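A short write-up of the structure that comes next.
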Amino acid sequence: MASLEHLFTTNHSPTDDERAGLKENVADYDDKLAAITQKIYALEEQLRSLNEEKMALLEASKPFRRALSPFRQLPEDVVRAIFVACLETRWNPTMAKTEAPVLLTRISRATRMIALTTSALWAAIHIPIITSVKREVMDTAQSIMTARAKGVKEWLLRRSGNLPLHISVYENRAYSGTRNVTSEIIDILTACCSRWKNVYFSCCPTTLSRISSLTQSEVPFLQSLAISPVGYSSDEIHFWRNTEILKSPTLKKFHDSGKGKTLCYPINWLNLTHLSIYCARTMDNLVDVLRQASSLVRLDLTLMVYGFSYPETIPLLCLTTLVVTDLSPPLNENLGIVGAIYAPFLEAISYNAKLCGGSRSPGLIACLKRSPNVRELSTGQPSSTNILVEYLSYCPTLVILHVPGPGFVPHERPIKRNDDSFLREFFRDDAAQCLCPRLEYFRYEPTLLVSLTTLRGFLAYRKVANPPLSRWKAVIMNVEYDRVEEPLIQEIRSSEVAGDIRLGIFFKKPIPYMERLDEGIVRAVSLVDVWWPSALVDDRTYLS
């Protein structure tokens, strides 16, 4: 038979003899494939049978394996310690079945008994309260709150034993003005107020007035009280002004996000170690309070003050953490309250201010000059990295830097700039001249426009200890780069450059202004929009 290979590389039509030869070859291959397929089927049947036998053996051996589980050999006190370690530490545990401690009661009968009798599991709780709902769901809300009140009573009055309590309460008033759903929860909480240690109430004034009616003797262990009024009542200031609970000698931490009346409350300011308040209109009372609160370790201030200038310093010699959100209008070189604070042992500062055009903050600079031991700094995005460099020049001991991203990015073409010089401040040829030599954690969320070559040097120079410089432990940033340098991205992510740095660099490829060929098109935001049969969609739906 003539060769058929010329048919494999062309589109020529085969002759009758060639067609017969092709069919003969195909039939031969089909016979071989059928034989192999039959063998595969037989082997698959054998494998299926073996897998079924395997699963049956595994199921039969489970009781024996469970009996040999190392967990069963653990002493009960060790199991209790493990259960307590399962609790969330950043916030109070909820009553959800998917979280500890409730989850721990759903493993087995034995572990349930251990969990229910471990008081430390039930000494903290977060309680959401439904206080107002629409009429059509009133019955449902009432049944939910009845069940929730029963659970809180069991949790706090029975399971928690005699341990000090950590409680947070949140009232949901999404439908203000409708009928209130009665709740027994506040009654339950006040019944165990003698064991309150750390409590937080984000509640309406009616609820807060009940809390304010408690006396010092009723809360002998209270160390921390946080109030966040939901809604506003003109009577709010009056019932807190006359309360005894704020005079408790054990109260060390106080937080109030109310309308700025905190400074009038009868608090023993000297006792406080933590204070968080909102201050509006005037600073006079705040200065007096801070002069009395000389034991403060942490101070959180939200300011809305006009024209404040305080020439003297406010000594806070125990202060280690300062958090300031300044919503006041900027006044040129006015130092403000931040510039007046003298805290030589300050270790952490968060400063976010309303500044014209992102200009420098004289108050923050004055504070940093007086605080040579700052280890952590978080500051709002300045108008230029040069301002941030100025701040950092006063932070030789800084270990952690965080510059949050802007809350709002306007839809306009960004001003072209280059941030290479900013990164180079951290890896100069002379290590002794580098900015923040002890810096280990670098987080810059606004987009940096840098050369990837500079970024590679920034990482490689400090991927290992290079005295007197500390090595990077984590670097988080958003980078916009030149497309020509794209091949360097893989190198930057490699172990040769990054080492064991915890890296979170998000690379953004710039889109030249004239290359936005889809400008003016609003793309479908849901995959359903692609096939949804709507007569409302026309040829202008996705045009802006």
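We count residues from 1, following the sequence as given. Because only heavy atoms are used, hydrogens play no part in the values below, and waters and symmetry mates are left out as well, while side chains stay in. These numbers were taken from a predicted model, which means no experiment stands behind them.
Within 6.0 Å of atom CZ in R428, more than 12 heavy atoms from other residues, nucleotides or ligands are found, so the atom counts as buried in its surroundings. Few gaps surround CZ on F507; more than 12 heavy atoms of other groups in view lie less than 6.0 Å from it. Within a 6.0 Å sphere centred on CZ of R375, heavy atoms belonging to other residues, nucleotides or ligands number 12 at most.
Side chains of Y444 and L388 form a contact here, defined as non-hydrogen atoms less than 4.5 Å apart. Counting only heavy atoms from C-beta outward, the side chains of R360 and I365 approach each other to under 4.5 Å. Inter-residue side-chain proximity for I277 and L301 is flagged as met; some heavy-atom pair is nearer than 4.5 Å. L364 places a side-chain heavy atom less than 4.5 Å from the side chain of I349. The closest side-chain heavy-atom distance from N352 to D326 is not below 4.5 Å. A heavy-atom distance below 4.5 Å is found between the side chains of L401 and L439. Counting heavy atoms from C-beta outward, D420 and L449 have side chains that stay 4.5 Å or more apart. Residues L459 and L503 form a side-chain contact, since some pair of their non-hydrogen atoms from C-beta on lies under 4.5 Å apart.
Closest approach of F422 and V389 over heavy atoms only: CD1-CG2, 3.6 Å. For E312 against R291, the heavy-atom pair with the smallest separation is OE1-NH2, 3.5 Å. Shortest non-hydrogen contact noted between T397 and P372 is OG1-O, 3.3 Å. Closest non-hydrogen pair, T379 versus P404, comes out as O-CD, 3.1 Å. Between K247 and T243 the shortest heavy-atom distance is CE-O, 3.8 Å. What you find for L299 and I341 is that their closest heavy atoms are CD2-CD1, 4.2 Å.
The line from CZ of R298 to CG of L272 is 14.0 Å long, rounded to the nearest 0.5 Å. Taken to the nearest 0.5 Å, the OG atom of S384 stands 9.5 Å off from the CD atom of E390. For the atom pair CD1 of I505 and CG of L452, the computed distance is 9.0 Å after rounding to the nearest 0.5 Å. Here CG of D419 is found 7.0 Å from OG of S421. Values are rounded to the nearest 0.5 Å. With values rounded to the nearest 0.5 angstrom, L316 atom CG is found 8.5 Å from L322 atom CG. Note that CZ of R195 and CG of L165 are 4.0 Å apart. Values are rounded to the nearest 0.5 Å.
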(request) Output, in order, the C-alpha distance, side-chain angles, deciding distance and verdict of side chain to side chain contact (heavy atoms under 4.5 Å, CB included) for L251 and N268. (result) CA-CA 8 Å; L251 186 63; N268 187 346; over 6 Å; no
(message) Would T98 and L103 count as a side chain to side chain contact (heavy atoms under 4.5 Å, CB included) here? Give the steps.
(response) CA-CA 5 Å; T98 55; L103 178 63; 5.7 Å; no
(request) Begin with the C-alpha distance, continue with both residues' side-chain angles, and end with the deciding distance and a verdict on ring-ring contact (aromatic ring centres under 6.0 Å, His included) for F426 and Y461. (result) CA-CA 9 Å; F426 298 92; Y461 192 76; over 10 Å; no
(request) Begin from the C-alpha positions of L346 and C367 and carry the test side chain to side chain contact (heavy atoms under 4.5 Å, CB included) through to its verdict. (result) CA-CA 9 Å; L346 198 60; C367 183; 3.9 Å; yes
(message) Pair E496, R456 - check salt bridge (charged side-chain N to carboxylate O under 4.0 Å, His left out), show working.
(response) CA-CA 10 Å; E496 287 78 9; R456 179 179 58 186; over 6 Å; no
(message) Evaluate Y170 against S228 for side chain to side chain contact (heavy atoms under 4.5 Å, CB included), listing each step before the verdict.
(response) CA-CA 9 Å; Y170 172 76; S228 181; over 6 Å; no
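The backbone N or O of R210 lies less than 3.5 Å from a partner atom in the side chain of S213, making a donor-acceptor pair. Judged by distance alone, the side chain of S371 and the main-chain N or O of L368 form no donor-acceptor pair under 3.5 Å.
Checking S295 against T273 by side-chain atom types alone, no donor-acceptor pair falls below 3.5 Å. Checking Q223 against T250 by side-chain atom types alone, no donor-acceptor pair falls below 3.5 Å. Between the side chains of S451 and E485, at least one donor N or O lies within less than 3.5 Å of an accepting N or O. Side-chain N/O atoms of T94 and H126 include no donor and acceptor closer than 3.5 Å. In this structure, a donor-acceptor pair under 3.5 Å is present between the side chains of T454 and R424. Counting only N and O atoms by type, the side chains of H402 and E445 include a donor and acceptor under 3.5 Å apart. Neither side chain, N92 nor H166, offers a donor N or O lying under 3.5 Å from an acceptor on the other. Side-chain contact check for T447 and K508: at least one donor-acceptor pair (N or O, by modelled atom type) lies under 3.5 Å. Using modelled atom types, one finds a donor on one side chain and an acceptor on the other under 3.5 Å when comparing Y351 with S361.
Of the charged side-chain nitrogens involved, none lies within less than 4.0 Å of a carboxylate oxygen, so that E440 and R471 do not count as a salt-bridged pair.
Between F442 and F458, the ring-plane angle classifies as perpendicular under the 30° and 60° cut-offs. Aromatic ring pairs are classed by plane angle as parallel below 30°, tilted from 30° to 60° and perpendicular above 60°; the pair Y265 and W240 is tilted.
Ring centroids of W196 and F201 are separated by less than 6.0 Å, placing the two rings close together.
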